[in-house]
Amino acid sequence: MELCVALDLPSAEENLALAESLKGYDVWMKVGFRAYIRDGKAFIEALKAINPDFKIFLDLKLYDIPNTMADAAEEIAKLGVDMFNIHASAGSVAMKTVMERLSSYDKRPLVLAVTALTSFDEANFQAVYEKSIDEKAEQFAKMSYENGLDGVVCSSFESRAIKNATSDTFLTLCPGIRPFGEDAGDQQRVATLEVANEEGVDYPVVGRPIYKDENPQAKVEQILKVIQSI
Ligand code: C5P
């Protein structure tokens, strides 16, 4: 498993200070809406200046018409990030168009599709998608696999079934990780690192349990120790 740290703090300075404290560790940096909308391309460049080896996941969850998504995917590839995501519910034409557009890049970013947001509980998910989370997440994952994406964003609890339905090498990135049973916040389907590991999760994403801790660096060290030991 490769730890992905969510940089969701209220200012660029705080996010960069967190990144600076983690520059000696082999971790992914997740740049989401908050940071990218506020701090943009300069923020990505600042992260790379701190550690050129940081792997960067741009979590913008693209969802639009296929051509607009492919245009955005190309701009993201030009930023030099290592991974980004789209919403699976944008559909197979959007997936195909995005992957075709990126095929000319020698070193394209990994592309993942969001299946079910980990903040959904079953009832609220059913109200939107009219299917159970398990069923829909698997269907979205198969669609993503068939259209050449590299993996999906899902909860730890769907990871194993998704790999069984696609391939062991099809990546699962899972938010809602509470490494040591910390407060779930708005997340509904949370898992510990041990559960994530059992479920075959490739990238556990951790935000608040790290950046709200009084010593985020020590917390990351503890997490990496657990990951190495399981
Ligand atoms: O603070 P916490 O560990 O809950 O952070 C989870 C991160 O993962 C947040 O940045 C959130 O936007 C993101 N995310 C998520 N669920 C998804 C996709 C991304 O929680 N399905």
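As the structure lists them, so they are numbered: ligands from 1, and atoms in each ligand from 1.
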Worksheet entry | Positive for side-chain contact (heavy atoms from CB on, under 4.5 Å) with T172, one of S159, S155, P204 | S159

Item to complete: Could you tell me whether D213 atom CG has more than 12 heavy atoms of other residues or ligands within 6.0 Å of it?
Response: yes

Practice prompt. With side-chain hydrogen bond (donor to acceptor under 3.5 Å, both in side chains) as the test, would you mind laying out the steps for E100 and T97 before giving the verdict?
Written response: CA-CA 5 Å; E100 270 167 20; T97 312; 5.5 Å; no

Discussion item. Count I, L, V, M, F, W, Y as connected when their side-chain heavy atoms are under 4.5 Å apart, and connections chain through other members. Are M83 and V153 then in the same cluster?
Written reply: yes

Discussion item. Assess whether a salt bridge exists between D71 and R101, defined as any Lys/Arg side-chain N lying under 4.0 Å from an Asp/Glu carboxylate O.
Written reply: yes

Worksheet item: Mind checking what residues have non-hydrogen atoms under 4.0 angstrom from ligand 1?
Response: A6, D8, K30, D59, K61, L117, T118, V153, P175, R178, Q187, V205, V206, G207, R208, P209

Worksheet item: Does K61 count as lying over the ring of F33, i.e. NZ or CZ under 6.0 Å from the six-ring centre, within 45 degrees of the axis?
Response: yes

